[in-house]
Every structure is written in structure tokens, then in C-alpha cells.
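Each remark here refers to the structure printed beneath this line.
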Amino acid sequence: MNFFEGCTALITGASSGLGGEFARQLAPYARRLVLVARRNDRLEALAAELRGIHPELDVRTYAADLADEGRRAAFATWLADEAIAVDFLINNAGLGDHGKFHSGDWTRVKAMLDVNITALTHLTHLIVPTMLRSGRAAILNVSSVAGFFPLPNMAVYSATKAYVTSFSEALAIELRPRGITVSALCPGPVSTEFFDVATRGGDASDHFEAFPAFVASPQDVVAAGLRAIKHGRARVIPVPLLAAAVAVALAIPFFIVRRLLSWKADSI
Ligand SMILES: NC(=O)c1ccc[n+]([C@@H]2O[C@H](COP(=O)([O-])OP(=O)(O)OC[C@H]3O[C@@H](n4cnc5c(N)ncnc54)[C@H](OP(=O)(O)O)[C@@H]3O)[C@@H](O)[C@H]2O)c1
């Protein structure tokens, strides 16, 4: 039986990019999908598409700004009222901001902290108790290779993803004996709307031109994330070449890495 057969999956950030792709790849197997993001029209369009292809699939949409603690609590109440027991949580919603920290907009910085860290942690805390009762469940946290290095010009974003990877690794150890698999999915650049949102003006395509061999499609990234859950891997970097590059970079003494990062920062 497919690992995801009959699951109830909650996907945050399902209105575009990786979130929408998670929904499409899980739809043939899941019993129910709960799609969350702010743009309800996008969620409804995806739900209609999936219901058209998989009439037996129960697709629910919930429009919420996950940066808002009250909305997260109301969402948990809604899940309980609807008797929806989530057994696969995909914490995918996230945003970046590319540019110098000092010239960034505080609202954007706060949104990154609220969505990438606080909402991910809060939703996990709200849903794990139900998962513990079911005895077999999974959590996939969408992190980034940016979490492995303190990236200048993405200082806050890369710090939020360092948190996501660290949190996921610790939780994977805590929850494995209780039947819950936790994985951190750490992609490099993926062709979604992410850089359109993260780029402060300018051309988002620059981000894909620097290292074209590291760029992955949403389809491949999502497939790698689902495989990691299936095989109980705590962490996955979807592109093998990128995984090798990260392994090499992590083996280099940090003072050299710091030099390389300084050079990169100055060149932007
Ligand atoms: N694309 C990349 O290069 C890349 C690389 C590494 C990691 N990632 C990570 O992958 C994840 C998915 O990003 P993506 O590439 O698919 O980018 P995307 O196309 O921009 O999707 C981001 C999703 O997050 C949702 N979101 C953002 N703020 C939200 C909020 N306040 N409340 C609720 N939902 C919110 C957006 O929905 P609404 O705007 O409708 O709310 C959207 O559905 C993120 O965690 C990102 O950090 C991406």
C-alpha cells in the first residue's frame, strides 16, 4: 500500500508553488486534503481542479493569514469542529526577502519570522497531540539549503530556515518512537513565485542564473520530500549535485566559508 493511501494531509501555502504541487502529487492517494493560504481564489481553483480529477477526494480550503496567532487558533478550532484529524502535516508556507538587512522593511522581516518560524512551530504544536493518538503520522517541514549557511543579503531568511532544519531534526528524534516521521525538505532554487516575492524590485530570474545546475522543478522537489517521508529520512536536499556541494561546503573550515560569503555579499 502507498504510504500516503487514505491520509488526511494539511498543506500550508497551497495557493502556489510547492504547496500546490504537494496537493497534486498527494491527490491520487489521500482521502482528504486541507489547503491553507491567504489567497482563497487560488485555493478554490486548485480544489476545483483536484475534485474534477479525483471525485472521491475530500478537498477543504481554509483562507488564513498564518502570521496571525488568532487565525491559527481559529483554524485549529475549525479542524476540531469539522472532526478533521490531520495525519500528514506539510508546513510549506514561507517567504523570503533578498537584500541588505538594514534597508529591509520591518513588516517583511516580521512576516518571515511569523510565518517561517512561529506559524510552523505553532501549527505543529496544535496538531501533534492528535497525531500521537493515531500512532502513525508524518510532518514535512519545508526548509531550505539557505538554512545551512548564514547567507548575507538573506540574513533573516537563512536564519529562519536554520531554525526549521534544527527544529525538524530534534522533533524527528523525539517523535520517531511515537510513530511520527518528521523530515526537513531543504531545496535550493526552485522555479516558483518565491523569488518574485523575495526580490525587492529588479529581476527575479537572476537567482536562477547563478547556479543553473542547482535549480529544481517543483515536481522533483515535492517528489523528493514525499520520498523522504516514506523512507523516514530526517533531512533531504532534492538535487544530488547540490547535496554534494553542501556536504563539501560544510566540511570546509568556517573561516574560509566566511570569506567566500563575504565575497558573494560584496559582489551583489
Ligand atoms: N522557491 C525556492 O527557490 C525555495 C527554495 C528553498 C525553500 N523554499 C521554501 O519553499 C516553501 C514554499 O515556497 P514556494 O517556493 O512554493 O514559494 P511561493 O510560490 O511564493 O509560495 C509560498 C506560499 O506560502 C504562502 N504564504 C506566504 N505567506 C503566508 C501567510 N502569511 N499566511 C498563509 N500563507 C502564506 C503563500 O500563499 P498566500 O500568498 O496565498 O498566502 C504561498 O502559497 C517556502 O517555505 C520557501 O521558503 C523555496
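In each ligand, atom 1 is the first atom listed, and ligand 1 is the first ligand listed. What you see below is based on every heavy atom in this structure, not just the backbone, and it leaves out hydrogens, waters and symmetry mates. These figures come from a predicted structure and were not determined experimentally.
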Residue pair L185, F22: steps toward the side chain to side chain contact (heavy atoms under 4.5 Å, CB included) verdict: CA-CA 12 Å; L185 173 61; F22 274 115; 3.8 Å; yes
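Taking distance alone, with nitrogen or oxygen atoms compared against 3.5 Å, S144 stays at or beyond that limit from ligand 1. For ligand 1, one of its N or O atoms has an N or O atom of V190 under 3.5 Å away. Between V197 and ligand 1, no pair of N/O atoms sits closer than 3.5 Å.
Looking at R42 against ligand 1, nothing comes within 4.0 Å, counting heavy atoms. Within the 4.0 Å heavy-atom criterion, the part of V115 lying near ligand 1 is the side chain and not the backbone. Of all the heavy atoms of S143, the ones lying under 4.0 Å from any atom of ligand 1 belong exclusively to the backbone.
Near G17, meaning under 4.0 Å from any of its heavy atoms, are these atoms of ligand 1: 16 (O), 19 (O). Distances below 4.0 Å separate heavy atoms of L18 from the following atoms of ligand 1: 10 (O), 16 (O). Residue Y157 approaches ligand 1 through these ligand atoms, each under 4.0 Å from one of its heavy atoms: 6 (C), 7 (C), 8 (N), 9 (C), 46 (C), 47 (O). For ligand 1, the atoms sitting less than 4.0 Å from at least one non-hydrogen atom of F195 are 3 (O), numbered in the order shown with element in parentheses. Taking every heavy atom of L66 and a limit of under 4.0 angstrom, the matching atoms of ligand 1 come to 30 (C), 31 (N), 32 (N), 33 (C). Numbered from 1 in the order shown, with element, the atoms of ligand 1 that lie under 4.0 Å from a heavy atom of N92 read 11 (C), 12 (C), 44 (C), 45 (O). Close contacts of ligand 1 with E193, meaning ligand atoms under 4.0 Å from a residue heavy atom, involve 19 (O), 20 (O). Here is the list of ligand 1 atoms found below 4.0 Å of a heavy atom in D65: 30 (C), 31 (N), 32 (N).
A pairwise comparison of heavy atoms in L50 and A23 identifies CD1-CB, 3.9 Å as the closest pair. Between S158 and A146, the shortest heavy-atom contact is CB-O, 3.0 Å. Counting all heavy atoms, side chain and backbone alike, V236 lies closest to G225 at CG1-CA, 4.5 Å. Residues T192 and D196 approach most closely at O-OD2, 4.4 Å, considering heavy atoms. Between K161 and V142, the shortest heavy-atom contact is NZ-O, 2.9 Å. Of all heavy-atom pairs between G104 and D97, the closest is CA-OD2, 4.4 Å.
In this structure, of N91, L46, T192, V221, the residue bringing a heavy atom nearest to atom 1 (N) of ligand 1 is T192. Between atom 33 (C) of ligand 1 and the options A67, G13, G19, A64, the minimum heavy-atom separation is to A64. Which of G147, P189, A14, S15 comes nearest to atom 42 (C) of ligand 1 through a heavy atom is settled by distance: it is S15.
The shell of residues lying under 4.0 angstrom from ligand 1, judged by heavy atoms, excludes G96. In this structure, E21 does not count as a contact residue of ligand 1, since none of its heavy atoms falls inside 4.0 Å of the ligand. Taking 4.0 Å as the cut-off, G188 counts as a neighbour of ligand 1 on heavy-atom distance.
When the shell of 6.0 Å around NE2 of H231 is examined, it contains more than 12 heavy atoms from other residues, nucleotides or ligands. Counting non-hydrogen atoms of other residues, nucleotides and ligands closer than 6.0 Å to CZ of F254 gives a total above 12.
To the nearest 0.5 Å, atoms OG (S168) and CG (L120) are separated by 6.5 Å.
Listed by first then second residue, pairs satisfying ring pair (Phe, Tyr, Trp, His ring centres under 6.0 Å) with a partner in residues 41-70 read Y62-F75, Y62-W78, not counting sequence neighbours.
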Without placing hydrogens or testing angles, list every side-chain donor-acceptor pair under 3.5 Å for residues 28-37, not counting sequence neighbours.
from: R32; atom 1: NE; to: D58; atom 2: OD2; distance (Å): 2.8

